Amino acid sequence: MAVLIRTSDLPAERRHDAWRSIVCDTLGPLDLRIDAGAPLRGEIGFGRLGAVGVGRIHTSTPHSVHRTPGLIRRDNPDHYRVVLALDGSPRLEQDGRRTVLGRGEFAIYDFTRPYELGYDAEVRLAVFSFPRDQLALPIDAVAELAALPIGAETGAAALAVPLLRRVALDHETYRSASAARLSSVVTDVVGAAVAERLDQERALPDDSRQRTLLLRVRAFIEQRLGEADLDPAVIAAAHHISVRYLHRLFESEDTTVAGWIRQRRLERCRADLMAGGGQSVSAVGARWGLPDSAHFSRLFRRAYGMPPAEFRRTHAAPHEPAGLVR
């Protein structure tokens, strides 16, 4: 992600014009409204994730940006935007609806129609932009939800918020191949969250629904890796699908449900063993759903070429007391 502007790098007398240029010409076309005498402080970064534009904005200066009818007539890219409040309370208005987002909430808005996005105090935002046809939902249906907050309490939104946050914060670390795949994941999960809020899940294409369901299943597994009785029947029941359909979801991943659970458990065990600490090897296995020490040792040796105790001796942090390796 390229830093488009960092006001601390500029003399005070140039900051307003430079900020206006970035907001209005690069991220716009938009109308920036700011008190001429306000001391401007902030930073804007921007990058791409396949077809998805990803922006980060941090500012402590109250101001607002407006998408006006005149600017729409001049240039009207067919895009949706999603704003996620990382910190602070931005306000968003479109189609007569006005909302103030709380931390961890996001909202969708249509770039082809007038809107206002403003800040009265310090904010950190992530802003995503993507073509409207990538959302796979009727435009008039999405319009019902424009500028309304979507929280992370349940369903697809509980996946969307942490995903959007991580993509915005970790954008620089993604390779181009990963970025292209993540682009589809972002639009799928946002679409699913919007569809749930609208009660329009049936309007999503089958492949989009399946990808989003797989993300939910993975998140469910991640939260319950320490439960030794976690199995396909438990996972399927929690998601109101058949075990057979659950197995079909994982076919495209070139693994099985049980294989994925085993892989994630072993990866968690490996990380704990490398970190050291006061737990015995058997306690590490039990922590991540592998309470049978002999079985844990066999699985670990098969995955990493040595039993867990030996792995710990050769990879653990140097400060770990040797007496804990057993």
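These figures come from a predicted structure and were not determined experimentally.
- Applying the salt bridge (Lys or Arg N to Asp or Glu O under 4.0 Å) test to Arg81 and every residue at least two apart in sequence or in another chain returns nothing.
- In this structure, the side-chain contact (heavy atoms from CB on, under 4.5 Å) partners of Ser60, at least two apart in sequence or on a different chain, are Arg41, Glu122.
- Between Ser280 and Arg312, the shortest heavy-atom distance links the atoms C-NH1, 3.6 Å.
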Check your understanding: Would Phe296 and Leu266 count as a side chain to side chain contact (heavy atoms under 4.5 Å, CB included) if you check the C-alpha gap in whole Å, the side-chain angles of each, and the deciding distance to 0.1 Å?
Key -> CA-CA 9 Å; Phe296 170 41; Leu266 289 173; 4.2 Å; yes

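- Under a hydrophobic clustering in which Ile, Leu, Val, Met, Phe, Trp and Tyr are joined whenever their side-chain heavy atoms come within less than 4.5 Å, directly or via other members, Ile44 and Val82 fall into different clusters.
- A donor-acceptor contact shorter than 3.5 Å links the side chain of Gln94 to the backbone of Pro114.
- The minimum heavy-atom distance between Ala85 and Pro90, with the atom names listed, is CB-CD, 3.8 Å.
- A salt bridge is absent between Asp17 and Arg14; no separation between the charged side-chain nitrogens and carboxylate oxygens falls under 4.0 Å.
- Contacts classified as salt bridge (charged side-chain N to carboxylate O under 4.0 Å, His left out) and involving residues 273-287 (residues at least two apart or in different chains) are given here: Asp272-Arg287.
- Arg265 places a side-chain N or O within 3.5 Å of a backbone atom of Trp288 that can act as its donor or acceptor partner.
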Practice item. For Tyr80 and Thr187, run side chain to side chain contact (heavy atoms under 4.5 Å, CB included): C-alpha distance rounded to whole Å, both residues' side-chain angles, the deciding distance at 0.1 Å, then the answer. Key: CA-CA 10 Å; Tyr80 287 125; Thr187 53; over 6 Å; no

Point to revise | Evaluation steps, side chain to side chain contact (heavy atoms under 4.5 Å, CB included), between Ile108 and Leu135 | key: CA-CA 11 Å; Ile108 190 168; Leu135 200 59; 3.7 Å; yes

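- Taking the six-membered ring wherever Trp is involved, the centroid distance between the rings of Phe311 and Phe300 falls below 6.0 Å.
- Residues Leu86 and Val190 share a hydrophobic cluster, clusters being chains of Ile/Leu/Val/Met/Phe/Trp/Tyr side chains in contact below 4.5 Å.
- Not counting sequence neighbours, the partners of Asp170 by the side-chain contact (heavy atoms from CB on, under 4.5 Å) test are Arg166, Thr173, Tyr174.
- By the 4.5 Å heavy-atom criterion applied to side chains, Val83 and Phe106 are not counted as neighbours.
- The side-chain contact (heavy atoms from CB on, under 4.5 Å) check on Val257 picks up Pro232, Ile235, Leu246, His247, Phe250, Ile261, with sequence neighbours excluded.
- Proximity of a side-chain donor or acceptor of Arg124 to a complementary backbone N or O of Ile57 within less than 3.5 Å is not detected.
- For the ring pair (Phe, Tyr, Trp, His ring centres under 6.0 Å) test, residues two or more places apart in sequence or in another chain that qualify with His239 are Phe220.
- In the model, His66 has a side-chain atom that pairs as donor or acceptor with a side-chain atom of Ser64 under 3.5 Å.
- Of the possible donor and acceptor atoms, one in the side chain of His171 sits under 3.5 Å from a partner among the backbone N and O of Arg48.
- Around atom CZ of Arg301, no more than 12 heavy atoms belonging to other residues, nucleotides or ligands sit under 6.0 Å away.
- The two residues Pro62 and Ile34 make their nearest non-hydrogen contact at O-CG1, 4.0 Å.
- Residues forming a side-chain contact (heavy atoms from CB on, under 4.5 Å) with Arg244 (at least two apart in sequence, or on another chain): Ser242.
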Practice item. Apply side chain to side chain contact (heavy atoms under 4.5 Å, CB included) to the pair Arg218 and Ile221, showing each step before the final yes or no. Key: CA-CA 5 Å; Arg218 284 183 168 182; Ile221 290 171; 5.5 Å; no

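- Shown here are the salt bridge (Lys or Arg N to Asp or Glu O under 4.0 Å) partners of Arg91, two or more places apart in sequence or in another chain: Glu116, Asp120.
- Scanning for salt bridge (Lys or Arg N to Asp or Glu O under 4.0 Å) contacts around Glu222 gives Arg264, Arg268, with sequence neighbours left out.
- Taking CG of Asp35 as the start and OG1 of Thr61 as the end, the distance is 10.0 Å to the nearest 0.5 Å.
- The stretch residues 99-109 participates, sequence neighbours left out, in these salt bridge (charged side-chain N to carboxylate O under 4.0 Å, His left out) pairs: Asp87-Arg103.
- Side chain of Thr7 to backbone of Gly42: a donor-acceptor contact under 3.5 angstrom is found.
- Pairs passing the salt bridge (charged side-chain N to carboxylate O under 4.0 Å, His left out) check and including a residue from residues 49-71, sequence neighbours excluded, read Arg56-Glu172.
- Identified under the ring-ring contact (aromatic ring centres under 6.0 Å, His included) test for residues 119-148, with sequence neighbours left out: His63-Tyr119.
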